[in-house]
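First comes the structure, then the notes that go with it.
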Amino acid sequence: QVQLVESGGGLVQAGGSLRLSCVASGFTLGYYTIGWFRQAPGKEREGVSCIRESGGQMQYAVSVKGRFTIARDNARNTVYLQMKHLQPEDTAVYYCASTYGSDRPCRLSGSYYASWGQGTQVTVSS
């Protein structure tokens, strides 16, 4: 019954912006820490960002810090990833993931999360 659905991906030119959404169903997102991950063809999965259920702790990969912003709207059961100044190396399938617990801190390790969405494709052209 726990479901996460990503949306907002697409094709954008280098320097452009996209906002990804992660919508939860079957559970109350406000009780979960959420992470964003990405995987490009031939590359390992990379932790991008995470946010605690309170919104008080956020974490970013060095590769995206200063360009990406994570935020949550618990009333809408949604977590967002605002991506700016996109570069071709940002091209990947982006996934959101959740882990339960009001005391669960942010982690950028995939094994930390129990539920995953199906992903949304982000393609950045040069």
Side-chain angles (χ1 to χ4, degrees):
Q1 290 297 111
V2 176
Q3 299 286 334
L4 295 169
V5 179
E6 304 93 338
S7 63
L11 176 64
V12 64
Q13 291 184 327
S17 300
L18 287 172
R19 187 178 72 166
L20 306 183
S21 298
C22 174
V23 180
S25 62
F27 64 100
T28 301
L29 192 64
Y31 295 129
Y32 291 77
T33 291
I34 303 297
W36 281 99
F37 296 80
R38 66 186 182 185
Q39 188 164 24
K43 294 187 176 181
E44 298 292 325
R45 182 177 60 193
E46 177 187 16
V48 175
S49 185
C50 59
I51 186 168
R52 291 187 70 167
E53 77 288 339
S54 66
Q57 183 190 6
M58 292 166 278
Q59 188 174 344
Y60 299 92
V62 172
S63 59
V64 308
K65 188 175 295 184
R67 299 187 298 119
F68 290 11
T69 303
I70 192 169
R72 66 191 305 150
D73 186 344
N74 289 341
R76 295 181 182 271
N77 241 25
T78 302
V79 170
Y80 303 97
L81 185 68
Q82 178 68 56
M83 307 185 296
K84 298 181 178 179
H85 305 111
L86 285 162
Q87 301 298 316
E89 55 264 35
D90 297 315
T91 295
V93 177
Y94 284 71
Y95 302 89
C96 65
S98 67
T99 185
Y100 176 80
S102 61
D103 60 347
R104 296 280 277 180
C106 279
R107 294 282 191 272
L108 293 181
S109 172
S111 62
Y112 189 65
Y113 296 87
S115 298
W116 292 77
Q118 293 182 318
T120 185
Q121 176 71 49
V122 172
T123 303
V124 184
S125 62
S126 60

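- Residues Ser63 and Glu46 have side chains that bring a donor and an acceptor to within less than 3.5 angstrom of each other.
- Counting only N and O atoms by type, the side chains of Arg38 and Tyr94 include a donor and acceptor under 3.5 Å apart.
- Between the side chain of Thr78 and the main chain of Arg76, a donor-acceptor pair closer than 3.5 Å is present.
- Remark: the backbone N or O of Ala24 is paired with a side-chain donor or acceptor of Asn77 at under 3.5 angstrom.
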Please walk me through it: do Asp90 and Arg67 pass side-chain contact (heavy atoms from CB on, under 4.5 Å)?
CA-CA 11 Å; Asp90 297 315; Arg67 299 187 298 119; 2.8 Å; yes
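- For the side chain to side chain contact (heavy atoms under 4.5 Å, CB included) test with Thr91, the passing option among Val124, Leu11, Val12 is Val124; the others fail.
- Contact detail for Ser115 and Leu4: the closest heavy-atom pair is O-CD1, 3.6 Å.
- Residue Ala61 comes nearest to Gly47 through the heavy atom pair CB-O, 3.3 Å, listed as atom of the first residue, atom of the second, then distance.
- Annotation: side chain of Val48 is not in contact with side chain of Tyr60 (no heavy-atom distance under 4.5 Å).
- Heavy atoms of other residues, nucleotides or ligands lying less than 6.0 angstrom from CD of Gln118 number 12 at most.
- The shortest distance between side-chain heavy atoms of Leu20 and Met83 falls below 4.5 Å.
- Residue pairs meeting the disulfide (SG to SG under 2.5 Å) criterion with at least one member in residues 16-53, sequence neighbours excluded, are Cys22-Cys96.
- Counting heavy atoms from C-beta outward, Phe68 and Leu86 have side chains that approach closer than 4.5 Å.
- If you chain together ILVMFWY residues whose side-chain heavy atoms come under 4.5 Å of each other, Val93 ends up grouped with Phe37, Tyr95, Tyr112, Tyr113, Trp116.
- Proximity of Ser21 to Glu6: side-chain heavy atoms (C-beta onward) are nowhere separated by under 4.5 Å.
- Hydrophobic clustering keeps Ile51 apart from Leu108 (ILVMFWY residues linked when any side-chain heavy atoms are closer than 4.5 Å, directly or through intermediates).
- The CD1 atom of Ile34 lies 9.0 Å from the CG atom of Asn74; values are rounded to the nearest 0.5 Å.
- One hydrophobic cluster, built from ILVMFWY side chains closer than 4.5 Å, cannot hold both Tyr80 and Val122; they sit in different ones.
- Aromatic ring centres of Phe27 and Tyr32: separated by under 6.0 Å.
- Side-chain contact check for Val79 versus Trp36: some heavy-atom pair is nearer than 4.5 Å.
- Distance check: Leu18 CG to Lys84 NZ gives 12.5 Å after rounding to the nearest 0.5 Å.
- Contact record, Arg45 with Gln39: N-NE2, 3.8 Å, taken as the closest heavy-atom pair.
- Residues Met58 and Leu29 share a single hydrophobic cluster, defined by chaining ILVMFWY side chains whose heavy atoms lie under 4.5 Å apart.
- Of the possible donor and acceptor atoms, none in the side chain of Glu53 sits under 3.5 Å from a partner among the backbone N and O of Gly30.
- Here the side chains of Val23 and Ser7 are not in contact, with every heavy-atom distance at 4.5 Å or above.
- A donor-acceptor pair under 3.5 Å links the side-chain atoms of Arg52 to the main chain of Arg104, judged by distance alone.
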